[in-house]
Number of protein chains: 4
Amino acid sequence: MSVDGDRRRGPERSRRLPREVRERQILDAAVRVFSEHGYHYASMDEISDVAGVSKPMIYAYLGAKEDLFTECIRREAIGLMEAISKGVRSELTPDMQLWHGLDAFFGYVDDHRESWLVLHRQATSAGGPFSRQLLEMRARAITLIDALLTKTASSEGMDSQARKGTEAHAAALVGACESLADWWLDHPDIPARVLATRAMNLVWMGFGDLMEGNVWTPTHPES
Amino acid sequence: MSVDGDRRRGPERSRRLPREVRERQILDAAVRVFSEHGYHYASMDEISDVAGVSKPMIYAYLGAKEDLFTECIRREAIGLMEAISKGVRSELTPDMQLWHGLDAFFGYVDDHRESWLVLHRQATSAGGPFSRQLLEMRARAITLIDALLTKTASSEGMDSQARKGTEAHAAALVGACESLADWWLDHPDIPARVLATRAMNLVWMGFGDLMEGNVWTPTHPES
Amino acid sequence: MSVDGDRRRGPERSRRLPREVRERQILDAAVRVFSEHGYHYASMDEISDVAGVSKPMIYAYLGAKEDLFTECIRREAIGLMEAISKGVRSELTPDMQLWHGLDAFFGYVDDHRESWLVLHRQATSAGGPFSRQLLEMRARAITLIDALLTKTASSEGMDSQARKGTEAHAAALVGACESLADWWLDHPDIPARVLATRAMNLVWMGFGDLMEGNVWTPTHPES
Amino acid sequence: MSVDGDRRRGPERSRRLPREVRERQILDAAVRVFSEHGYHYASMDEISDVAGVSKPMIYAYLGAKEDLFTECIRREAIGLMEAISKGVRSELTPDMQLWHGLDAFFGYVDDHRESWLVLHRQATSAGGPFSRQLLEMRARAITLIDALLTKTASSEGMDSQARKGTEAHAAALVGACESLADWWLDHPDIPARVLATRAMNLVWMGFGDLMEGNVWTPTHPES
DNA sequence: TATGAATGAGCATTCATTCAT
DNA sequence: AATGAATGAATGCTCATTCAT
């Protein structure tokens with residue numbers, strides 16, 4: 001409640017820094033504040049305060065609140081995708097690539113809760129202009145996973161019918177992972193690896209069944 | 001620009017209605033407005049306008065904006081849970097119960113997009129006080145599903161080790177469903193039943209593997 | 001939106017120019033920007049941008065915004081008075097002097113619309129400190145015209161009563177000319193000479209009547 | 001400089017007044033403040049303060065600053081035109097109509113300096129959107145005067161050539177009157193009637209010459 | 001000489017909320 | 001029961017102005 005009470009000043013307010021540095025400072029502060037209060041309750045005043053910079057600098061360097069938020073999302077999305085890409089090395093088998101991707105994802109979320117909060121919870125709900133970045137990121141993730149599934153599928157001689165479902169499957173996986181990560185924020189005592197394993201099982205086992213034609217349908221459950 | 005422009009007035013502003021009716025009017029309007037603009041962008045002015053009721057009435061009957069939103073969530077959560085409960089009839093086999101539950105869920109979301117928007121997207125992101133309702137609802141859903149899985153597991157003679165995972169599995173399913181429903185809002189041309197089927201496969205197949213000890217681990221993939 | 005969009009950069013930002021040159025650059029830019037947006041909407045940023053000079057230079061050379069504006073007015077006022085003086089050559093008869101003065105005035109406004117805008121429209125309304133320059137200029141103009149009228153009057157043997165009205169008459173003429181010039185800005189297709197002629201008629205004919213004692217009064221209209 | 005120092009509170013802050021009354025209060029205050037500081041330096045805070053009303057009321061009743069200013073101009077323009085119209089009674093001879101019109105004009109400006117300041121000085125220079133009201137008012141005034149001149153001209157058997165000049169003559173008169181009134185603000189010790197008389201002479205004498213073909217031209221001055 | 005970096009201070013605007021009737 | 005009238009308190013944003021280099 002207190003306006004100034006627990007305000008932690010950011011970096012030692014050093015002067016005359018090059019623009020690049022200031023921009024990073026500001027973005028760091030913005031991610032922190034946005035993740036804490038959400039887009040709407042975050043005030044430019046607090047961000048400037050946390051960043052150790054006056055408000056006009058924020059406007060000069062990163063534009064209005066919307067732009068600032070968008071840039072936060074962009075930066076964090078790139079960070080997340082890079083972390084994942086680093087895990088998915090192409091010399092591995094598809095399943096190990098997937099595993100390392102998931103592991104990297106949950107590891108990243110574990111290390112950057114704030115980033116994930118901003119990326120997922122805030123960006124999802126803050127309304128229109130922001131979701132685009134998210135959608136793009138998700139689309140890239142889905143494509144990536146889809147490729148892995150497809151590679152496996154074709155090497156295992158799956159028929160085209162089943163192959164068609166891979167993208168949907170990938171989408172479901174991505175959604176489930178987001179959901180898991182989100183849920184995780186409220187249950188922080190579970191290790192990242194456990195979540196990754198659970199996600200891997202969900203997708204891999206389910207996918208295995210799919211490939212083998214084990215499909216549940218209302219009329220003949222469990223065939 | 002115009003304050004009154006395309007504002008669709010709600011019910012004919014008739015006077016002296018019993019409290020119960022007024023409350024419903026107000027809640028209906030609130031759900032509509034919240035789902036449209038999100039919690040923060042929704043203004044009490046617009047809600048009162050849409051409801052065809054003056055603002056002081058809203059405060060008198062349903063309290064401040066937060067309370068109003070909370071009440072919206074509560075009402076819609078109850079509606080959703082009731083719809084699901086109606087699907088899950090205890091005389092069915094567990095898998096059919098699950099199937100009908102999923103079907104009811106996606107059917108409800110299909111019929112009440114606004115409600116789901118408020119329930120999930122807005123409530124998730126609007127910050128603290130609101131998530132409690134959500135968590136409760138989710139907890140109840142998880143318990144329900146967990147019971148189904150457990151019943152199946154025990155009837156199939158699963159060992160206690162595997163049985164322990166059921167709750168996590170249920171949680172994952174719930175999360176995946178939410179995620180699917182959420183994603184669905186942006187891809188509205190898919191029929192509800194298709195989503196229900198996909199969800200069912202994800203959980204049932206994966207669960208089947210789990211019960212049979214088919215578990216993927218980093219060390220012996222696909223054992 | 002874009003900060004730099006269609007901003008036409010002024011002179012090639014060459015370095016180390018003598019102060020005199022810089023000052024002219026800056027004043028030129030300032031007159032342009034002030035005339036375009038008005039005193040209040042003109043931003044130092046834009047002026048510095050148009051001038052091709054950094055803001056601190058402006059402050060170093062010409063002081064704060066007010067000073068800068070004052071200097072603009074001063075410079076343009078001098079320019080205008082010089083143009084007029086050039087027209088009013090003392091070897092001519094008074095009426096031809098007046099005519100050439102008016103002609104020069106409207107010619108100048110025609111050629112320097114920006115200058116006139118700044119001088120009259122902006123300076124008039126921008127508030128206190130600026131009007132002084134204007135008043136001085138106007139006073140000089142009135143004196144000049146009054147002298148012409150007086151010379152004519154005395155050569156025509158006017159009585160002292162009528163002679164007293166000359167200054168007021170001069171003031172009215174100046175006001176009318178300003179007003180005409182101002183109105184002209186919004187009707188740019190009329191040639192300068194036409195306006196000069198109209199002004200001349202207004203003052204000369206009216207003055208002629210005045211000298212002859214043809215005065216309208218409420219009691220004996222059109223006497 | 002002091003923010004609150006000489007702030008004269010407006011009407012005894014009485015509560016629960018009908019909208020109509022509040023609107024008038026607000027407009028009165030706005031005219032006063034705008035006339036004093038000019039559009040840009042006037043702050044909504046001061047206006048609300050002088051009006052004895054909170055800022056939100058201003059926005060609710062009269063919109064943003066621009067709208068408020070526009071409304072001020074509109075109201076004052078109407079007031080001025082009404083005052084003039086009352087003077088110009090159609091049963092009079094044209095010259096007496098003109099005289100009473102001028103008399104009413106200068107009388108109004110005398111009694112409502114603030115209104116005139118807002119109408120003329122501020123509105124002229126505050127930039128785009130506001131000048132329209134002014135132009136309309138001026139156009140109506142010109143039309144009115146033109147009609148008077150034309151009536152006289154035709155009754156005196158003027159040729160069509162001369163008749164053509166009447167509108168321009170009317171425009172010049174209006175401009176001259178504005179200019180005179182404006183100049184008057186800085187020389188307040190002259191009685192209104194004197195100005196009206198001067199204006200009348202300017203236009204009527206000049207017009208008389210015009211009708212008689214007494215026209216000054218550069219080539220045959222004083223012909 | 002010349003400027004990128006930096007800010008204090010102010011202003012329009014909005015909104016949830018409450019009286020007085 | 002119902003509401004028009006009214007406001008306190010914030011918040012996003014801008015701009016003239018000045019250091020430090």
Side-chain angles (χ1 to χ4, degrees), chain A residues 3 13-19 21-23 40-48 52-61 63-68, chain B residues 3 13-19 21-22 40-48 52-61 63-68, chain C residues 3 13-19 22 40-48 52-61 63-68, chain D residues 3 13-19 21-22 40-48 52-61 63-68:
Chain A
V3 172
R13 218 177 236 271
S14 41
R15 313 247 160 193
R16 293 299 126 174
L17 296 186
R19 172 170 184 148
V21 178
R22 282 287 191 228
E23 281 191 356
H40 292 286
Y41 286 132
S43 80
M44 297 300 272
D45 267 302
E46 181 172 358
I47 293 175
S48 82
V53 158
S54 71
K55 266 190 299 178
M57 291 248 56
I58 301 184
Y59 284 90
Y61 284 170
K65 197 183 184 186
E66 271 201 3
D67 304 317
L68 178 58
Chain B
V3 171
R13 218 178 236 267
S14 43
R15 314 243 160 187
R16 306 278 146 179
L17 294 186
R19 173 166 184 150
V21 179
R22 283 286 192 227
H40 291 286
Y41 287 130
S43 79
M44 296 300 272
D45 267 304
E46 182 172 359
I47 293 174
S48 82
V53 158
S54 73
K55 273 187 296 178
M57 288 247 58
I58 301 184
Y59 283 88
Y61 283 171
K65 196 183 185 187
E66 271 200 3
D67 304 317
L68 177 58
Chain C
V3 171
R13 217 178 238 267
S14 43
R15 314 242 159 190
R16 305 280 145 179
L17 294 185
R19 170 165 187 149
R22 284 284 193 229
H40 291 287
Y41 286 130
S43 80
M44 296 300 272
D45 267 302
E46 181 171 359
I47 293 174
S48 83
V53 158
S54 73
K55 270 187 298 178
M57 289 247 58
I58 301 183
Y59 283 89
Y61 283 171
K65 196 184 184 186
E66 272 200 1
D67 305 317
L68 177 58
Chain D
V3 172
R13 217 179 235 269
S14 41
R15 312 249 160 193
R16 298 293 129 174
L17 296 185
R19 173 170 184 148
V21 178
R22 282 287 192 229
H40 293 285
Y41 286 130
S43 81
M44 296 300 271
D45 266 303
E46 181 172 359
I47 293 173
S48 82
V53 159
S54 72
K55 268 190 296 178
M57 291 248 54
I58 301 184
Y59 284 89
Y61 284 169
K65 196 182 184 185
E66 270 201 2
D67 304 317
L68 178 59

Visitor: Rounded to the Å, how far apart are A/Glu66 CD and F/dG12 C1'?
Guide: 12 Å

Visitor: Using salt bridge (charged side-chain N to carboxylate O under 4.0 Å, His left out) as the criterion, list what pairs up with B/Lys55, not counting sequence neighbours.
Guide: B/Asp45

Visitor: Within the structure, does a side-chain N or O atom of C/Arg22 lie under 4.0 Å from either OP1 or OP2 of E/dA2?
Guide: yes

Visitor: Could you state the CZ-P distance from D/Arg16 to E/dT21, rounded to the nearest angstrom?
Guide: 7 Å

Visitor: For D/Tyr41 and F/dC15, give me the distance from atom OH to atom P, rounded to whole Å.
Guide: 14 Å

Visitor: Does D/Ala60 reach a base, just sugar-phosphate, or nothing at all? Heavy atoms under 4.0 Å.
Guide: nothing

Visitor: Can you tell which of E/dA16, F/dC13, E/dT1 lies closest to the side chain of C/Tyr61?
Guide: E/dT1

Visitor: Would you kindly compare D/Met57 and A/Tyr59 by the position of their nearest DNA chain F nucleotide and give the one closer to the 5′ end?
Guide: D/Met57

Visitor: If you assign A/Gly63 and D/Lys55 each to the DNA chain F nucleotide with the nearest heavy atom, which residue ends up on the more 5' nucleotide?
Guide: D/Lys55

Visitor: Could you tell me whether A/Arg19 contacts a base, only the sugar-phosphate backbone, or nothing, with contacts defined as non-hydrogen atoms closer than 4.0 Å?
Guide: sugar-phosphate

Visitor: Nearest 0.5 Å, please: how far is OG in C/Ser48 from CD1 in C/Ile58?
Guide: 5.0 Å

Visitor: In whole Å, I'd like the distance from the CD1 atom of B/Ile47 to the P atom of E/dT17.
Guide: 11 Å

Visitor: side-chain contact (heavy atoms from CB on, under 4.5 Å) with C/Met57: which residues, sequence neighbours excluded?
Guide: C/Arg22, C/Val53, C/Ser54, C/Tyr61

Visitor: I need the D/Leu68 CG to D/Lys65 NZ distance, nearest 0.5 Å.
Guide: 9.5 Å

Visitor: Could you tell me how far apart D/Leu68 (CG) and E/dT13 (C1') are, to the nearest whole angstrom?
Guide: 13 Å

Visitor: May I have the distance from B/Glu46 (atom CD) to E/dC15 (atom P), rounded to whole angstrom?
Guide: 10 Å

Visitor: Classify A/Met44 by what it touches in the nucleic acid, base, sugar-phosphate, or nothing, heavy-atom distance under 4.0 Å.
Guide: sugar-phosphate

Visitor: Out of E/dT17, E/dA6, E/dT14, which nucleotide sits closest to the side chain of D/Pro56?
Guide: E/dT14

Visitor: State which residues pass side-chain contact (heavy atoms from CB on, under 4.5 Å) with A/Ala60; sequence neighbours excluded, sorted by chain then number.
Guide: none

Visitor: Any chance you could encode DNA chain F as dot-bracket? Rule is Watson-Crick or G-U wobble with both distances under 3.5 Å; [ ] for pairs crossing earlier ones, | for another strand.
Guide: .||||||||||||||||||||

Visitor: In this structure, how many angstroms lie between the P atom of F/dA10 and the CG atom of A/Asp45, rounded?
Guide: 11 Å

Visitor: Without decimals, in angstroms, what is the distance between D/Leu17 CG and F/dT7 C1'?
Guide: 15 Å

